[in-house]
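Scope of the values below: all heavy atoms of this structure, side chains included, with no hydrogens, waters or symmetry mates. Every chain is numbered from 1 and lettered A, B, ... according to where its sequence line falls, protein lines coming before strand lines.
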There are 2 protein chains.
Amino acid sequence: MMATKEKILDTAERLIASQGFAATSLRQIISEAQVNLAAVHYHFGSKEELLDQLILRKVTRVNQEREALLDTFEREAGGDPVAVDKILAAFFQPMIEAGCRNPQFVRLMGRLIAEGLIPSIAERHFQPTTTRFIAALRRALPNLSEGELFSRVQFMFGAMSHTVGGLALPVTQIHGDGADFQTMMLRLMAFLGAGMNAPATKEIQMEVQQ
Amino acid sequence: MMATKEKILDTAERLIASQGFAATSLRQIISEAQVNLAAVHYHFGSKEELLDQLILRKVTRVNQEREALLDTFEREAGGDPVAVDKILAAFFQPMIEAGCRNPQFVRLMGRLIAEGLIPSIAERHFQPTTTRFIAALRRALPNLSEGELFSRVQFMFGAMSHTVGGLALPVTQIHGDGADFQTMMLRLMAFLGAGMNAPATKEIQMEVQQ
DNA sequence: GTCTATACTGAGATAGAC
DNA sequence: GTCTATCTCAGTATAGAC
């Protein structure tokens with residue numbers, strides 16, 4: 001029966017979204033899903049690979065929508081570079097919509113990010129999409145060195161991760177104004193747009209003049 | 001003997017900086033430090049509290065320097081608000097210097113950030129300093145709503161954390177240009193300065209007009 | 001191919017003797 | 001303060017039933 005695999009995935013998703021990955025034991029998952037412990041290792045191999053499947057199931061669609069939106073903007077632009085604001089919109093809009101449709105999506109991703117599990121596990125799921133967006137940004141910001149562009153993309157991921165992660169933590173509710181997911185993302189896009197368009201730093205000169 | 005406590009702290013710091021927190025077992029620490037397992041629980045209570053002491057020992061000085069630098073800039077400004085760039089400099093300079101003096105500091109913090117341990121453990125060590133800097137930013141950016149200011153501070157922490165965390169991960173070395181800590185921080189300050197100074201979003205109007 | 005029962009190894013934590 | 005011995009619980013591995 002394939003129902004076992006689905007039961008495990010659904011139960012794990014719910015528990016991890018509400019408690020976090022480390023705090024959710026396989027024994028709790030199998031207890032609530034009413035399956036056997038070894039079935040988890042039969043279907044997934046390990047706890048980490050179970051998580052991997054979970055993430056894959058969630059982010060595939062969002063990343064497809066991201067690339068599709070970027071495609072649209074690139075067609076509209078003809079041969080010209082797509083504006084930074086549009087690139088950011090193509091990246092964030094699909095995530096905002098997924099988050100508004102399904103709040104558990106935000107909680108789950110937030111939990112995993114807060115536990116530092118995304119870089120090690122989900123990065124390969126994001127890799128192709130990331131490459132596409134970096135290429136678009138490189139054309140939109142030709143004055144930036146390769147290194148500085150990569151750095152800024154890293155800043156973008158950091159700000160986004162920390163924000164989504166923060167939404168799953170009780171700490172953030174204390175500070176801030178308790179803004180919802182969509183509001184935070186709109187604020188983030190404004191912030192990142194300005195940061196991306198900032199003048200390049202003068203680091204090379206410092207090394208050359210010495 | 002108080003030497004036991006110090007031996008545990010020093011050994012734990014070295015091992016955690018190179019392997020991470022989760023991958024470093026108490027049994028490995030006590031083996032290399034040549035102390036007994038129960039001594040760790042006697043002196044610290046738990047593995048988490050050991051980490052807490054470790055972080056405290058590291059960040060106290062940096063945060064003092066941050067506040068001292070902000071004090072200086074505020075005195076120089078008389079009653080006027082301190083410029084955003086100076087506030088950012090007051091925040092990042094002490095960390096850059098600490099990182100250049102002691103590379104293990106960057107590795108340790110990077111590891112912990114990458115594992116998602118900073119929000120849950122070290123936040124209270126940063127709380128007073130953070131409050132001071134938010135107050136300074138509020139004066140420098142009076143056109144921002146309270147909520148949007150908090151959000152931008154969160155973006156700043158996210159970008160910073162992810163960058164420092166990334167420096168401890170092998171993944172980042174693949175992309176990017178392998179820039180050193182100081183270069184990354186300078187790029188980050190330029191990025192954040194522009195982001196902080198971005199125009200406010202128009203979220204309130206949307207709610208009011210409905 | 002799917003699943004069950006059970007055992008194994010290593011982790012952090014604790015009680016109590018010294 | 002320190003140490004031995006032990007406890008509980010985690011993820012994992014295997015043997016074998018259907």
Side-chain angles (χ1 to χ4, degrees), chain A residues 1-57 108 111-122 124, chain B residues 1-57 108 111-112 114-122:
Chain A
M1 210 45 135
M2 221 45 167
T4 303
K5 195 170 178 178
E6 294 300 318
K7 272 198 290 185
I8 295 170
L9 278 171
D10 290 341
T11 310
E13 180 179 321
R14 181 170 47 79
L15 290 174
I16 292 173
S18 79
Q19 306 174 342
F21 179 71
T24 303
S25 70
L26 291 180
R27 283 171 170 84
Q28 185 186 7
I29 295 170
I30 60 128
S31 160
E32 298 211 10
Q34 294 185 312
V35 300
N36 187 274
L37 177 58
V40 178
H41 288 92
Y42 172 76
H43 285 290
F44 301 98
S46 72
K47 193 188 180 191
E48 282 230 333
E49 288 187 58
L50 165 60
L51 179 60
D52 200 76
Q53 297 276 16
L54 222 72
I55 295 172
L56 185 62
R57 202 169 67 152
L108 176 68
R111 280 281 184 189
L112 299 180
I113 289 167
E115 288 185 83
L117 294 164
I118 297 300
S120 60
I121 290 190
R124 61 180 168 283
Chain B
M1 215 36 141
M2 223 42 167
T4 302
K5 196 170 178 177
E6 294 299 319
K7 271 198 292 186
I8 295 171
L9 279 171
D10 290 340
T11 310
E13 181 179 320
R14 181 169 47 80
L15 290 174
I16 292 172
S18 79
Q19 306 175 342
F21 179 70
T24 303
S25 71
L26 291 182
R27 285 171 169 86
Q28 184 186 8
I29 295 171
I30 60 130
S31 161
E32 298 212 10
Q34 293 185 312
V35 300
N36 187 274
L37 176 59
V40 177
H41 289 93
Y42 172 76
H43 285 291
F44 301 99
S46 72
K47 194 189 178 188
E48 282 231 333
E49 287 188 58
L50 164 61
L51 180 61
D52 200 77
Q53 298 276 18
L54 222 73
I55 295 171
L56 185 61
R57 203 169 67 151
L108 177 68
R111 280 281 184 188
L112 299 179
E115 288 185 84
L117 293 163
I118 296 299
S120 60
I121 291 188

Task: Nearest-nucleotide comparison on DNA chain D, the residue closer to the 5′ end among A/Leu26 and B/Val35 - done: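 The 5'-side residue here is B/Val35.
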Open item on the list: Starting the side chain at C-beta, find the nucleotide from D/dC3, D/dA13, C/dG12 nearest to B/Ala38.
Closed with: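 Per side-chain heavy atoms of B/Ala38, the pick is D/dC3.
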Spacing between [X] atom [atom1] and [N] atom [atom2], to the nearest angstrom:
| X | N | atom1 | atom2 | value |
| --- | --- | --- | --- | --- |
| A/Asn36 | D/dT12 | CG | P | 15 Å |
| B/His43 | D/dG1 | NE2 | P | 7 Å |
| B/Tyr42 | D/dA5 | OH | P | 21 Å |
| A/His41 | D/dG11 | NE2 | P | 8 Å |
| A/Lys47 | D/dA10 | NZ | P | 9 Å |
| A/Ile30 | D/dC9 | CD1 | P | 14 Å |
| A/Ile29 | D/dA10 | CD1 | P | 11 Å |
| A/Gln28 | D/dG11 | CD | C1' | 15 Å |

Open item on the list: Does a side-chain N or O of A/Thr4 approach OP1 or OP2 of C/dC3 to a distance below 4.0 Å, or not?
Closed with: yes
Open item on the list: Distance to the ring centre below 6.0 angstrom and angle to the axis at most 45 degrees; does that hold for A/Lys5 and A/Tyr42?
Closed with: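 The answer is no, since A/Lys5 fails at least one limit relative to A/Tyr42.
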- [ ] Nearest 0.5 Å please: distance from the CD atom of B/Glu13 over to the CD atom of B/Gln53.
- [x]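 So the gap between those two atoms works out to 12.5 Å.
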Task: SB check A/Arg57 A/Glu6 (cutoff 4.0 Å) - done: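 Looking at A/Glu6 together with A/Arg57, the answer is yes, because their closest N to O distance falls below 4.0 Å.
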Task: Positive for side-chain contact (heavy atoms from CB on, under 4.5 Å) with B/Ile30, one of B/Leu37, B/Ile8, B/Thr11 - done: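 Option passing the side-chain contact (heavy atoms from CB on, under 4.5 Å) with B/Ile30: B/Leu37.
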Task: Audit row: A/Ile118, A/Ile55, side chain to side chain contact (heavy atoms under 4.5 Å, CB included) steps and yes/no - done: CA-CA 9 Å; A/Ile118 297 300; A/Ile55 295 172; 4.3 Å; yes
Open item on the list: Taking donor-acceptor contacts at under 3.5 Å, does the side chain of B/Arg27 reach the base of C/dG10?
Closed with: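 Side chain to base: no pair present.
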- [ ] Using a heavy-atom cut-off of under 4.0 Å over every strand shown, decide if B/Ala39 touches base, sugar-phosphate, or nothing.
- [x] nothing
Task: Residue closer to the 5' end of DNA chain C, B/Gly45 versus A/Leu37 (nearest nucleotide) - done: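 So the residue in question is A/Leu37.
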